Amino acid sequence: MTSSPTPLDPERILRIREAAHRIRQYALIQAEVQGQGYIGQALDIADVLAVLYTDQLHLDPLEPDSEDRDRFQLSIGHYALALYAALTEAKFLPVEELQTYASDDSRLPMSSMRTYTPGVEISGGSLGHGLGIANGVAMGLKRKGSDRFVYNLLSDGELGEGSTWEAAAVAAHHELDNLIAIVDFNDQQADGKSTQMLSMEPVTDKFEAFGWIVRRCDGHDVEALLCHLIELRETEDPRPRVLIVDTTLGKGVDFLEAREKLHFMKVDQEEWSVAHEKLAESHQVLMQESGR
Ligand SMILES: Cc1ncc(C[n+]2csc(CCOP(=O)(O)OP(=O)(O)O)c2C)c(N)n1
Ligand SMILES: [Mg+2]
């Protein structure tokens, strides 16, 4: 199930870590505009998005709809904050636009919408639909002879939707080997801990039983994330692939990590500058640990 990652170029890892830090900063900038939102999730998924948007995805911000692109589909529309931050890092959006987040006439609505924002592939929000859409797009790409990949980001709460498992069966049946699903296992959903609401553990066994290649790792270990995503893309195995990432809500801002775990977080006005400071501190510690 889990394989031990092989060492990678330290400069490559460093670039991703720096990008993850900026993605977290961009998430905080947007969240501050509203004072609340899906902040914990944006901080928990930043490392995964940094690996994807700075290393793995074949994308061109000047041609966001190019046929010859990988598709990153956000099934969980409420993670839009995180996606806009990653799209900013990838130069699809200017940093200044983050100030318009979730405001009237903004291109950055609170739940991501395909027609509003360059680089956004699907309109998310109604949980359980993403993997089915990913199947269709992956199938279409194969029929066209494209070697591009579809990445679909789901959440642990979304695994409670039966339609996700119908889609998982379809992907395996049709040997969609150009599909990589990623599940954010932050053990959180709207009403509490996912493992207490409706446990999907052992989730790796479930996906394996459905005919998928499965990997699982710490969602903040950039090196492990990169190794697994490279391997899942390169393997010749005809099965669809899934990476389960174990993450910490609020990662990088200690008082949010320690706060009662909430699906929708409110941060008081005086806490924002502290949040930015704490984020900078945790990034500095990470850099020192890696010898920088
Ligand atoms: C079909 C559907 N049912 C309910 C909701 C309301 N809803 C929005 S997010 C969410 C929690 C889902 O779990 P997860 O994404 O793991 O939560 P998080 O980790 O973001 O706290 C729910 C129930 C929805 N968006 N779609
Ligand atoms: Mg969750």
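On a predicted model such as this, the values are computed, not experimentally measured, just so you know. Both ligands and their constituent atoms are indexed starting at 1 by order of listing.
- Polar contact check, H78 against ligand 1: a nitrogen or oxygen pair lies under 3.5 Å apart.
- Against a heavy-atom cut-off of under 4.0 Å, N186 is close to the following atoms of ligand 1: 19 (O).
- Scanning the protein for heavy atoms near atom 4 (C) of ligand 1, the closest one is L127 CD1, 4.5 Å.
- Distance check for atom 1 (C) of ligand 1: a protein heavy atom is found below 4.0 Å.
- R71 forms no cation-pi arrangement with F149, by the criterion of a distance under 6.0 Å to the ring centre and an angle within 45° of the ring axis.
- The protein non-hydrogen atom at the shortest distance from atom 14 (P) of ligand 1 is S155 OG, 3.4 Å.
- Under the 4.5 Å side-chain heavy-atom criterion for ILVMFWY residues, a single connected hydrophobic cluster contains both L279 and F255.
- For R216 and D246, the salt-bridge test passes: some basic side-chain N is under 4.0 Å from an acidic carboxylate O.
- Among the backbone and side-chain atoms of E158, no N/O/S atom is found under 2.8 Å from the Mg ion (ligand 2).
- Put simply, atom 10 (C) of ligand 1 has protein non-hydrogen atoms near it, under 4.0 Å away.
- Residues E161 and H129 bring no donor and acceptor atom of their side chains to less than 3.5 Å of each other.
- Between OD1 of N186 and O of Q188, the angle at the Mg ion (ligand 2) works out to 90°, rounded to 10 degrees.
- For the residue pair T195 and D187, a side-chain donor N or O sits within less than 3.5 Å of a side-chain acceptor on the partner.
- The protein heavy atom nearest to atom 16 (O) of ligand 1 is D156 OD1, 2.7 Å.
- If you check which protein heavy atom lies closest to atom 23 (C) of ligand 1, you get A190 CB, 4.0 Å.
- In summary, E289 and R17 do not engage in a salt bridge, as defined by a charged side-chain N under 4.0 Å from a carboxylate O.
- Nearest to atom 25 (N) of ligand 1 among the protein's heavy atoms is G125 O, 2.6 Å.
- With respect to atom 18 (P) of ligand 1, the closest heavy atom belonging to the protein is H263 ND1, 3.3 Å.
- Side-chain atoms of D47 and H220 include a donor-acceptor pair closer than 3.5 Å.
- Between Y101 and R107, the side chains place no donor N or O within less than 3.5 Å of an acceptor N or O (distance only, hydrogens not considered).
- Distances below 4.0 Å separate heavy atoms of Q41 from the following atoms of ligand 1: 18 (P), 20 (O), 21 (O).
- Looking only at N/O/S atoms, D156 comes nearest to the Mg ion (ligand 2) through OD1.
- Ring geometry for H78 versus H263: interplanar angle of 30 to 60°, hence tilted.
- When non-hydrogen atoms are compared, ligand 1 lies under 4.0 Å from the backbone of Q188 as well as from its side chain.
- Although no hydrogens or angles enter the test, the distance criterion places a donor-acceptor pair under 3.5 Å between the side chain of S155 and the main chain of E158.
- Nearest protein heavy-atom contact of atom 3 (N) of ligand 1 is E161 OE2, 3.9 Å.
- Under a 4.0 Å criterion applied to the non-hydrogen atoms of Y79, ligand 1 contributes the atoms 19 (O), 20 (O).
- Classification of the W165-F210 ring pair by plane angle, with boundaries at 30° and 60°, yields tilted.
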